[in-house]
Amino acid sequence: MRVRADTVFYQIGKIAWIPFTAFGFWFAGYGYHAQGELLSCSLRRISGIPCPGCGGTRAFYYLFLGEFAKSFQYHPAVLYGVFAYAHFMGFYFFRKHISKTKKTKEIQIPCYIYGAAAVILLQWFLKLFRLTEMM
């Protein structure tokens with residue numbers, strides 16, 4: 001019997017959201033300010049050039065404070081991840097439990113990963129472009 005990748009990801013997603021959410025609220029309440037300088041990007045500190053992940057920690061922080069516009073501004077891939085997770089979980093749940101179609105194609109996980117890569121690279125190029133305008 002072949003195990004489908006979308007079934008595995010759905011099972012992981014059902015389990016992972018509780019600790020992820022608990023950590024996010026803890027981080028927004030206590031962890032972000034307690035860690036201070038440990039959370040800053042080493043590449044940006046040394047070279048002055050942002051890495052593709054720069055702003056992700058602040059975006060995660062603002063996401064759990066409920067400031068979605070600021071979260072998007074710092075790193076749109078964080079909100080993309082939340083929406084991709086919700087879309088995948090809802091889509092899988094609908095297909096598995098509500099739709100009565102027995103034979104369905106597997107949900108393509110790489111589509112979500114390619115979307116995340118595109119968002120990360122686009123925001124990185126925009127940050128680099130803004131940086132060159134300032135010079």
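Values below: all heavy atoms of this structure, side chains included; hydrogens, waters and symmetry mates excluded.
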query: How far does CG of Asp6 sit from CD of Gln11, to the nearest 0.5 angstrom?
result: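 Between Asp6 CG and Gln11 CD, I get 10.5 Å after rounding to 0.5 Å.
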Heavy-atom check, side chain of Val78 versus side chain of Tyr62, under 4.5 Å: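 No, too far: nothing below the 4.5 Å cut-off.
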Do [X] and [Y] belong together in a cluster built from hydrophobic side chains that touch within less than 4.5 Å?
X     : Y      : value
Trp17 : Phe94  : yes
Ile49 : Ile120 : no
Phe91 : Phe88  : yes
Phe60 : Phe68  : yes
Phe25 : Tyr30  : yes

message: Could you check, using the six-membered ring where one of them is a Trp, whether Phe125 and Phe129 have ring centers closer than 6.0 angstrom?
response: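 No, ring centres 6.0 Å or more apart.
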field: Ring centres under 6.0 angstrom apart (Phe20, Phe27)
entry: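 Between Phe27 and Phe20, which both carry aromatic rings, the centre distance is not below 6.0 Å.
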task: Let me see the working for Gln123 and His75 under side-chain contact (heavy atoms from CB on, under 4.5 Å), right down to the final yes or no.
output: CA-CA 7 Å; Gln123 69 86 26; His75 206 297; 3.0 Å; yes
Heavy-atom count around [X] [atom1] within 6.0 Å, excluding the residue itself: above 12?
X      : atom1 : result
Phe9   : CZ    : no
Tyr114 : OH    : no
Trp26  : CH2   : yes
Phe72  : CZ    : no

Any donor and acceptor pair, going by atom type alone, linking the side chain of [X] with main-chain N or O of [Y] inside 3.5 Å?
X      : Y     : result
His97  : Tyr92 : no
Trp124 : Pro50 : yes
Glu106 : Ala5  : yes

Please report the shortest heavy-atom distance between [X] and [Y], naming the atom on each side.
X      : Y      : value
Leu43  : Cys51  : CD2-CB, 3.6 Å
Tyr112 : Tyr80  : O-OH, 2.8 Å
Arg4   : Ile107 : NH2-N, 4.3 Å
Ala28  : Phe64  : CB-CB, 3.7 Å

- request: Using the six-membered ring wherever Trp is involved, compare the ring planes of Tyr32 and Tyr61 and label them parallel, tilted or perpendicular (cut-offs 30° and 60°).
  value: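 Plane angle under 30°, so parallel.
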Ser71 and its side-chain contact (heavy atoms from CB on, under 4.5 Å) partner, picked from Leu79, Val82, Leu65: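 Option passing the side-chain contact (heavy atoms from CB on, under 4.5 Å) with Ser71: Leu79.
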Distance-only polar pair, side chains of Thr57 and Tyr74, donor-acceptor under 3.5 Å: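 Short answer, no.
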field: Donor on one side chain, acceptor on other, Lys70 and Gln73, under 3.5 Å
entry: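 The answer is no; no qualifying pair exists.
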